[in-house]
Amino acid sequence: MSFPVDVVVMAAGKGTRMKSSKPKVLHRLGGRALAQHVLDTAARMSVRFVVVVTGHGADQVEAVLIAPGEAPSLRFVRQEPQLGTGHAVQQATPVLADDGVTLILNGDVPLIQADTLQRLLQMCEGKYLTLLSVDTGADATGYGRVLREGPDASVSGIVEHKDASERQRRITEWYSGVMAVPTVLLKRLLAQLTDHNTQREYYLTDVVRHAVEAGCEVRALVTRDEVQVAGVNSPLQLAALERAYQRRVADGLMEQGVRLADPARLDVRGELVCGADVDIDVNCVFSGQVSLGEGVRIGANCVIANAQIADGAVIHPFTHIDGEKLGVSVGAGSLIGPFARLRPGAQLGAEVHIGNFVEIKNSTLADGAKANHLAYLGDATVGERVNYGAGSITANYDGANKHRTVIEPDVHVGSNCVLVAPVTIGAGGTVGGGSTITKSTPPGSLSVARGKQLVLPNWQRPVKNKH
């Protein structure tokens, strides 16, 4: 743009129809607050700074909203009490510089697109009050109608639904709540607002009438895409927007080549990055930051959060992966599940097998390690090619502190074993089934403990019959 742009985001409303104590703009869509979506969109544009007008639950809103990376600076002003949309923008005017254009957005309209706003600003040209309006030809009950007059059907005003006549209510073009206006003009128009209406509020929409009366040209960019400008005033509307958002995400993934078994049964509540040739089955939920490498297969009904899954890995159905702050990584070619659980700090090498009802927490498993059935590994370091038996656990907590278990390469741990940390099982050793191991064992030994631990050094494990 040839002129600077500052953004005002209105986020002061209570949203009584949401029937929630939470500020309306903090309800979540795709895992993020509604208003955060608006800030993220502003960050994709060449704007100077963003002013968020808060009111109801201001402390909560200001604590949650963040400026995205490399975003324009973020400022907050408060509207107390809340006396209407015009009054809200009046609170922002002291921090708006006179040399630019103010772009006004709503914090509960999360799916507005940056390219639409760029077209709005282009139409504004830095000197015209320009509205974003919607006209699908359908009934516009509840919305402020855009009034037009003259042979060129120029915009002459906006009338709120509650103040509209029967003739005006038949108009199908309505104001979206988004406008771009030169800041100097905006300040002059805001000073003329009154609360002489049925709601006893200062309507932002009245600036259009005052502009026309002052001889200023008012323009309108008309869209038929209701989803972009849809707000959230009830749980029903929030659910409808969630599905619209998820469909948008699903379409974007499929355009990149991701194969979705059913795009209507996908939920991305964060950022999902996929390599080539990825398959995702139905009813999968991705949260936080998730990356799927080339050729990854995700089975049905998986829940995956904050994880990196390398090329060729297969996540079988009903697997739960949640990296939280520590993250989870799954190595190339690994097989996980079904019904497996990877908790924060699980770091799996290549070709690792984690089977049904196995839980891994804060543990590293080197290439080729296997825990195929009904097992727990917590605070453990597991070497290459370890075979960890069904029903075995690491007892890593003594009631006060966590301790680490080290299982060196090529160890075989039998079924129903308890490894009491801190303990190290030496390379190439075997732990006999049903053993409780409380002391470290040397490499190559057989350890059996049923009451008393017996260690046989230099024990030779039977060689598998190749025939």
Side-chain angles (χ1 to χ4, degrees), residues 22 25-44 60-61 63-71 74 107-114 227 232 238-276 278-294 296-310 313 315 318-330 336-337 340-348:
K22 181 188 296 185
V25 297
L26 294 189
H27 286 277
R28 303 180 80 79
L29 180 84
R32 290 176 291 158
L34 296 173
Q36 190 63 55
H37 284 270
V38 181
L39 297 185
D40 293 346
T41 298
R44 292 193 290 272
Q60 292 175 264
V61 174
V64 168
L65 298 184
I66 60 172
E70 301 183 6
L74 181 63
D108 66 340
V109 180
L111 300 187
I112 189 70
Q113 296 294 287
V227 171
V232 175
L238 180 60
L241 267 192
E242 179 70 39
R243 293 330 309 161
Y245 170 78
Q246 294 297 344
R247 184 61 200 227
R248 179 185 288 178
V249 171
D251 288 348
L253 290 170
M254 290 187 292
E255 287 170 1
Q256 297 169 26
V258 177
R259 292 186 294 276
L260 303 177
D262 184 351
R265 289 187 284 173
L266 171 77
D267 278 271
V268 177
R269 302 170 186 174
E271 183 179 9
L272 175 61
V273 178
C274 297
V278 168
D279 269 312
I280 300 175
D281 210 333
V282 300
N283 299 329
C284 291
V285 179
F286 299 91
S287 302
Q289 302 294 315
V290 178
S291 65
L292 306 180
E294 183 175 339
V296 166
R297 303 290 183 266
I298 307 294
N301 303 294
C302 289
V303 177
I304 301 175
N306 297 308
Q308 294 182 324
I309 300 174
I315 311 299
F318 294 98
T319 291
H320 188 281
I321 301 174
D322 189 356
E324 298 181 5
K325 292 183 179 180
L326 291 177
V328 166
S329 65
V330 176
I336 312 298
R341 185 183 183 196
L342 304 184
R343 294 172 58 192
Q347 307 293 321
L348 312 185

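The heavy-atom pair separating V258 from C274 by the smallest distance is CG2-CB, 3.5 Å. The two atoms that bring A244 and V227 nearest to each other are CB-CG1, 3.9 Å, heavy atoms only. Contact between V64 and A33 at its shortest, heavy atoms only, is CG1-CB, 4.4 Å. In terms of heavy atoms, C284 sits closest to G299 at SG-O, 3.0 Å. Nearest heavy atoms, A313 versus V330: CB-CG1, 4.1 Å. The minimum heavy-atom distance between P344 and G323, with the atom names listed, is CB-O, 3.4 Å.
Looking only at distances, a side-chain donor or acceptor of N306 sits under 3.5 Å from a matching main-chain atom of Q289.
Expressed to the nearest 0.5 Å, how far CG of L342 lies from CD1 of I304 amounts to 9.0 Å. Atom CG of L253 sits about 6.0 Å away from atom CG of L260, to the nearest 0.5 Å. Note that CD of Q347 and CD of Q308 are 8.5 Å apart. Values are rounded to the nearest 0.5 Å.
Evaluation of the side-chain hydrogen bond (donor to acceptor under 3.5 Å, both in side chains) rule for H37 yields R32 as partners, not counting sequence neighbours. Considering only residues two or more places apart in sequence or on other chains, R341 meets the side-chain hydrogen bond (donor to acceptor under 3.5 Å, both in side chains) condition with none of them. Looking at residues two or more places apart in sequence or on another chain, you find a salt bridge (charged side-chain N to carboxylate O under 4.0 Å, His left out) between R297 and D277, D279. Qualifying side-chain hydrogen bond (donor to acceptor under 3.5 Å, both in side chains) partners for N301, counting only residues two or more places apart in sequence or in other chains: N283. Under the salt bridge (charged side-chain N to carboxylate O under 4.0 Å, His left out) criterion, D281 pairs with no residue at all, not counting sequence neighbours. Take A310 and apply the side chain to side chain contact (heavy atoms under 4.5 Å, CB included) test, not counting sequence neighbours, and it matches A332. Applying the side chain to side chain contact (heavy atoms under 4.5 Å, CB included) test to E242 and every residue at least two apart in sequence or in another chain returns L29, Y245, Q246, D267. Under the rule for a salt bridge (charged side-chain N to carboxylate O under 4.0 Å, His left out), the partners of R247 that lie at least two apart in sequence or sit in another chain are D251. Among residues two or more places apart in sequence or in another chain, the salt bridge (charged side-chain N to carboxylate O under 4.0 Å, His left out) test is passed with D262 by R265. Under the side chain to side chain contact (heavy atoms under 4.5 Å, CB included) criterion, V38 pairs with V9, L105, sequence neighbours left out. Judged as a side chain to side chain contact (heavy atoms under 4.5 Å, CB included), and not counting sequence neighbours, the contacts of S287 are R269, V285, A305.
Side-chain contact between V290 and V268 is absent, with no heavy-atom pair separated by less than 4.5 Å. Looking only at side-chain heavy atoms (C-beta outward), Q36 and L65 come within less than 4.5 Å of each other. By the 4.5 Å heavy-atom criterion applied to side chains, V232 and H27 are not counted as neighbours. Using a 4.5 Å heavy-atom threshold, the side chains of L26 and V61 count as touching.
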>> Test side chain to side chain contact (heavy atoms under 4.5 Å, CB included) on L272 and I280; report intermediate values, then the result.
In response: CA-CA 12 Å; L272 175 61; I280 300 175; 4.2 Å; yes
>> Before you tell me yes or no, could you show the steps for L348 and I336 under side chain to side chain contact (heavy atoms under 4.5 Å, CB included), namely the whole-Å CA-CA distance, both residues' side-chain angles and the distance that decides it to 0.1 Å?
In response: CA-CA 10 Å; L348 312 185; I336 312 298; 3.6 Å; yes
> L34 and L238: side chain to side chain contact (heavy atoms under 4.5 Å, CB included), yes or no, with the steps?
Replying inline: CA-CA 10 Å; L34 296 173; L238 180 60; 4.1 Å; yes
